[in-house]
**Student:** 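Before I ask anything, let me first share the structure, which is written out below as C-alpha cells.
Remember, it's a predicted structure, so these values are computed and weren't measured experimentally.
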Amino acid sequence: MRALAVGTVVACHAGVPGLAGGFIGVDLFFVISGFLITGLLLAEAEKDQRVSLLGFWARRARRILPASTVVLAATGLASALILPVLQRPTVSVDLVWSALFGANWRFAQQQTDYLAQDRAESPVLHYWSLAVEEQFYLVWPLVVAVAVAVFAGRRVSARLVLGVTTALIVVASFGYAVHLTAVNQPFAYFGTPARAWQLGAGALLAIASPLLRKLRPVATNSMATLGLAGYMWSVVSLRETGGTTPYPGWLALVPTVAAVLLVASGSGPRLPVVGRILSVRPLQVIGDLSYAWYLWHFPFLVLGHVWFADRAGPLVTTALVVASLGAAWLTFRYIEAPIRRLPTLVVSSRRSLQLGAALVACAVTTGAFAPSLGSNPTTTVASEDGRVVTLRPAPADAAGDAVSMRATGCDLDFEEVEPPACDFGQADSDKRVILLGDSHAAMMFPPLERAAQKHGWWLTSWTKSACPVADVTKYDESRAREFRECDEFRTKILRRIIEANPDVVFVASAVTPDRRVIDRASGELLEPGPSRRLIQAGLRKSVRQLVAAGIQVIVMVDPPSAPFNPPACLAEAESVTECEFPRPELRNTERRALTGIGGVSFLDFTKQICATETCTPVRGNILMYRDTAHITKTYAMTLTDRIASLHDLVLLHDDGTTAAVADPQPAH
C-alpha cells in the first residue's frame with residue numbers, strides 16, 4: 001500500500017496525464033501511519049502495561065530524521081546552485097520550517113497571502129505532510145499513554161476508552177475540516193486539526209484489530225476491491241485546486257474510506273486477492289523505498305525543471321523521477337536502514353534522541369545558510385542607452401519597497417469586511433480624497449499621502465487585498481471558493497463613500513487575464529474570457545454609483561503585468577534589455593469599461609513602461625516593479641506631482657465631463 005501511495009503521488013507531481021488526483025496518496029499515508037503507530041503503541045501497552053514515550057520518540061527519530069535531514073541539506077545546497085538568486089532566501093525559510101516540523105503551517109500561510117501567491121514552487125512543499133505526521137507523533141502517544149495509565153487493570157479496557165476517544169476526535173476533526181474548507185481551504189488542506197481525522201481513522205482500525213482478525217475472506221475481498229476502486233476513482237477524478245468543490249472537505253471521505261477499506265482488508269486472517277497483488281516483490285521494494293522516494297522526488301522535479309528550463313519535457317521529467325528513485329535507494333541502503341538498526345542507538349533511547357536533536361540542528365543550520373551560498377544579486381545594470389546605472393531600489397530590496405497598509409489596519413485581510421477609519425493628511429480640510437481598491441490601489445498610497453500632505457487634502461484609504469472594485473463575485477483560487485467577503489466589503493464601502501461625499505475618489509484594481517468570477521444568475525464558475533466581460537460590466541456599475549452621487553472618479557490604469565518576476569531577472573542580468581517583455585494583449589480594460597461615463601478620468605502611466613510593443617521594468621535608474629504586477633514605492637513616489645495636478649484638473653471639470661489626461665513624463 002505504501003508503494004500505491006507513493007506511486008500515485010509521484011505520478012501526480014510528474015504531471016502524468018489522467019492521474020491529477022494522485023495527491024491523495026498522502027491521505028493513504030495518513031491512514032497507514034495512524035494504523036501502524038497506534039498498533040505499535042497498543043502492542044507495547046498490552047505487553048508491558050505501559051507506554052514508553054521516550055522509547056517511541058527515539059524510534060521515530062531513528063526512522064524519520066536521518067533521511068529527512070540528508071534530503072533537506074542536499075536541497076539547500078542544490079538550491080544555491082540552481083535557483084534564481086532572489087528565490088533562495090524564501091526557500092531558506094521553507095527549509096528551516098521543514099526542519100522544525102512546521103512546514104504545513106508555513107505553506108498554509110503562504111497560500112493565503114495574496115502578495116506571496118506568485119512565488120515559485122518550493123522544492124520542499126511536500127514536507128507539509130511529513131510535518132502533519134510529526135505533529136501527530138508528538139501528541140498521539142501522550143493520549144494513548146494516558147488512556148493506558150488510567151484504565152489499566154480496570155473493567156473498562158483502555159482499548160475501548162481509546163476507541164471512543166478516537167471516534168470523537170475523528171468526528172470533530174472531520175466536521176472542522178468540512179467547515180474550514182469552506183472558509184479557508186489552504187488551512188484545511190495543510191492544517192493538522194483538519195487532517196487529524198484521517199490519522200484517527202487509521203488509529204481506529206488498529207484499536208479494532210482484534211475484530212478485523214475475525215473477518216471472513218469474502219468480506220476482506222469485498223473491502224479490498226471497493227477500497228482499490230474508490231482509491232483509483234479518486235486518483236482519476238479529484239483535483240487539489242481549480243474544481244468547483246474544494247478539497248479536502250467532504251470529498252476527502254472517498255480516498256480516506258478507500259484507504260480504511262484497504263488497510264482493514266489486509267488485517268484479516270488471510271490476504272485478499274488485492275492484498276496478494278500489492279504484495280508482489282517489486283511493490284514491496286517500492287514500499288521499502290517509499291519514504292525516501294517521497295522525500296527525494298519533489299526536489300528533483302522542482303529543481304530539475306528549473307535547471308533544464310525550456311528543455312524540460314516528458315523525457316526530462318521521466319529521467320528526474322528515475323534519478324529520484326535511485327537517490328531513494330541509496331538513502332535507504334546506506335542511511336535509513338543502517339541507522340534505524342544501529343545497535344548502539346537501538347539499546348539507548350537517550351542516544352537516539354540526542355542524534356535526533358543533532359540532526360534537527362544540522363537541518364536548521366543547513367537550511368538557514370546553504371541557499372545563500374553562491375553569487376549575490378546585482379545592483380548595477382546596463383540601461384537601454386548603454387549607461388551603467390545603480391538600480392533604485394536594488395533588485396534584492398524591491399519586494400519590500402512598499403508601505404505596508406496591512407500594518408496600519410487600512411488594507412483588510414481576506415475575512416475582514418468592516419471598513420476602518422483610515423484618515424491621513426488634514427482631516428479638517430475642505431478637500432476630501434478617498435483611495436479605493438485592492439493591493440494595486442494600496443501601492444499608490446505613498447504618492448497620494450505625499451500629495452495630501454503637500455496640498456492640504458483630507459485623505460482616506462480603504463483597500464482590501466485581492467478584492468476588485470468591479471461589482472462581481474470573484475472566485476478565489478487560493479481558497480477554492482467564491483470571495484463572499486469581497487462582495488460584502490464592496491457594498492459597505494461604496495455606501496460609506498457616497499455618505500462621505502468626497503471631492504475625488506481614486507480607484508484601482510488588478511487587471512489579470514486569468515481572473516475568474518461566478519455567474520450570479522447560474523452559480524457557474526466562468527472561464528477567463530466570459531469573466532472579463534462581467535468584470536468590465538461590474539466596474540462600470542460600481543463607478544456609476546459614485547458618479548451618480550456627484551463624486552469625481554480618477555481610475556488608475558493598472559500597469560502591464562510581467563510574465564516573470566522583473567527583480568529576480570534583474571538580480572542576475574547584465575542589461576535591462578534581458579528583462580524586457582512583450583506588451584500584454586490585455587490592456588485598456590478600464591477605458592473600455594468606462595467609455596461614455598462623465599465624471600471619470602484616468603491616471604495612466606503605461607507609456608512609461610511600454611513606450612513601444614516592448615515593456616521595460618526600469619526607467620532611468622528606477623526599478624518600477626517589485627513583483628510581476630505591483631510597482632515599487634520608489635517609482636510610485638515619482639508620480640506624486642502628476643497625481644496632484646490631475647486632482648486639481650479634475651476638480652475644474654465639475655460639470656460632469658471627463659478630463660483629458662496625458663501619460664506622465666518619464667521619471668529620471
Side-chain angles (χ1 to χ4, degrees), residues 5 24 26-46 50-53 56-57 60 64 101-105 108 128-152 154 156-212 227 247-264 267:
I24 57 96
V26 170
D27 302 49
L28 177 54
F29 274 130
F30 285 159
V31 173
I32 293 172
S33 291
F35 173 75
L36 293 177
I37 294 306
T38 306
L40 290 171
L41 290 169
L42 285 174
E44 180 184 359
E46 290 172 350
R50 59 184 290 274
V51 171
S52 171
L53 294 177
F56 172 82
W57 288 325
R60 290 296 89 198
I64 292 172
F101 322 137
N104 58 326
W105 301 116
W128 77 267
S129 62
L130 187 60
V132 170
E133 292 199 9
E134 287 165 333
Q135 291 159 28
F136 171 74
Y137 297 153
L138 287 174
V139 175
W140 187 242
L142 295 171
V143 175
V144 176
V146 169
V148 170
V150 173
F151 293 94
R154 301 196 179 188
V156 179
S157 71
R159 188 179 286 266
L160 177 61
V161 171
L162 190 60
V164 173
T165 302
T166 305
L168 292 174
I169 292 172
V170 167
V171 171
S173 173
F174 176 70
Y176 179 68
V178 172
H179 163 73
L180 192 60
T181 301
V183 297
N184 196 328
Q185 188 268 347
F187 274 84
Y189 191 93
F190 292 110
T192 305
R195 290 289 191 163
W197 69 279
Q198 295 177 306
L199 291 151
L204 281 175
L205 288 175
I207 295 167
S209 59
L211 299 176
L212 296 178
Y247 196 88
W250 65 268
L251 273 180
L253 272 174
V254 181
T256 305
V257 170
V260 166
L261 291 173
L262 284 170
V263 173
S267 302

**Student:** Can you tell if the side chain of Leu130 reaches within under 4.5 Å of the side chain of Phe29, non-hydrogen atoms only?
**Tutor:**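 When only atoms from C-beta onward are counted, Phe29 and Leu130 do not touch, as no gap falls below 4.5 Å.
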**Student:** Sequence neighbours excluded, which residues qualify as side chain to side chain donor-acceptor pair (under 3.5 Å) partners of Thr38?
**Tutor:**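 With neighbours one apart ignored, the set is Trp140.
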**Student:** Kindly state each residue pair satisfying salt bridge (Lys or Arg N to Asp or Glu O under 4.0 Å) with at least one member in residues 175-191, sequence neighbours excluded.
**Tutor:** none
**Student:** Take Val31 and Leu262 through the side chain to side chain contact (heavy atoms under 4.5 Å, CB included) test and state the conclusion after the steps.
**Tutor:** CA-CA 10 Å; Val31 173; Leu262 284 170; over 6 Å; no
**Student:** To the nearest 0.5 angstrom, please state how far the OG1 atom of Thr192 sits from the CD atom of Glu133.
**Tutor:**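 If we round to the nearest 0.5 Å, Thr192:OG1 and Glu133:CD are 10.5 Å apart.
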**Student:** Does the side chain to side chain contact (heavy atoms under 4.5 Å, CB included) test come out yes or no for Ile24 and Leu28, once each step is laid out?
**Tutor:** CA-CA 7 Å; Ile24 57 96; Leu28 177 54; over 6 Å; no
**Student:** Indicate the atoms forming the closest heavy-atom contact of Ser129 with Val26, along with that distance.
**Tutor:**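 Closest pair (atom of Ser129, atom of Val26, distance): CB-CG1, 3.7 Å.
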**Student:** Heavy atoms, side chains only, cut-off 4.5 Å: are Leu253 and Phe174 in contact?
**Tutor:** yes
**Student:** Among residues at least two apart in sequence or on other chains, which ones pass salt bridge (Lys or Arg N to Asp or Glu O under 4.0 Å) with Arg159?
**Tutor:** Glu46
**Student:** Closest heavy-atom contact between Ala45 and Val148?
**Tutor:** CB-CG2, 3.5 Å
**Student:** Please report the shortest heavy-atom distance between Leu204 and Gly163, naming the atom on each side.
**Tutor:** CD2-O, 3.5 Å
**Student:** With heavy-atom distances below 4.5 Å as the criterion, would you say the side chains of Thr256 and Phe30 are in contact?
**Tutor:** no
**Student:** What is the minimum heavy-atom distance between Ser173 and Pro193, and which atoms define it?
**Tutor:** OG-O, 2.6 Å
**Student:** Would you mind listing every salt bridge (Lys or Arg N to Asp or Glu O under 4.0 Å) that reaches into residues 183-195, with sequence neighbours excluded?
**Tutor:**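 Applying salt bridge (Lys or Arg N to Asp or Glu O under 4.0 Å) to every pair that reaches into residues 183-195, excluding sequence neighbours, yields Asp27-Arg195.
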**Student:** Quick check for you: to the nearest 0.5 Å, what is the distance between Phe136 atom CZ and Phe101 atom CZ?
**Tutor:**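 Those atoms lie 15.5 Å apart.
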**Student:** Run the side chain to side chain contact (heavy atoms under 4.5 Å, CB included) check on Phe56 and Leu40 step by step: do they pass?
**Tutor:** CA-CA 9 Å; Phe56 172 82; Leu40 290 171; 5.8 Å; no
**Student:** On a heavy-atom basis, which atom in Ala177 and which in Ala194 lie closest, and how many Å separate them?
**Tutor:** CB-O, 3.3 Å
**Student:** Sequence neighbours left out, what pairs pass salt bridge (Lys or Arg N to Asp or Glu O under 4.0 Å) with at least one residue falling in residues 198-211?
**Tutor:**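 Applying salt bridge (Lys or Arg N to Asp or Glu O under 4.0 Å) to every pair that reaches into residues 198-211, excluding sequence neighbours, yields nothing.
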**Student:** Between atom CG of Asn104 and atom CZ of Phe187, what is the distance when rounded to the nearest 0.5 Å?
**Tutor:** 9.5 Å
**Student:** Of all the heavy-atom pairs spanning Gly227 and Ala258, show the shortest one and how long it is.
**Tutor:**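 Closest approach of Gly227 to Ala258: O-CB, 3.2 Å.
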**Student:** For the residue pair Val132 and Leu199, establish whether any side-chain heavy-atom pair is separated by less than 4.5 Å.
**Tutor:** yes
**Student:** Donor-acceptor check, side chain of Glu44 to backbone of Ser52, threshold 3.5 angstrom: yes or no?
**Tutor:**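 Judged by distance alone, yes, a pair lies under 3.5 Å.
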**Student:** Are any side-chain N or O atoms of Trp57 and backbone N or O atoms of Tyr137, one a donor and one an acceptor, separated by less than 3.5 Å?
**Tutor:**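 Side chain of Trp57 to backbone of Tyr137: a pair is present.
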**Student:** Which distance, rounded to the nearest 0.5 Å, do you find between the CD1 of Ile37 and the CG of Leu42?
**Tutor:**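 Ile37 atom CD1 to Leu42 atom CG measures 11.5 Å (nearest 0.5 Å).
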**Student:** Who are the ring-ring contact (aromatic ring centres under 6.0 Å, His included) partners of Phe190, not counting sequence neighbours?
**Tutor:** Trp128
**Student:** Out of curiosity, Leu211 CG to Leu205 CG, how far, rounded to the nearest 0.5 Å?
**Tutor:**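 The distance works out to 11.0 Å.
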**Student:** With rounding to the nearest 0.5 angstrom, report the CD to OG distance, Glu134 to Ser33.
**Tutor:**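 Atom-to-atom, Glu134:CD and Ser33:OG are 10.5 Å apart.
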**Student:** Side chain to side chain contact (heavy atoms under 4.5 Å, CB included) for Thr181 and Trp250? Distances and angles first, verdict last.
**Tutor:** CA-CA 9 Å; Thr181 301; Trp250 65 268; over 6 Å; no
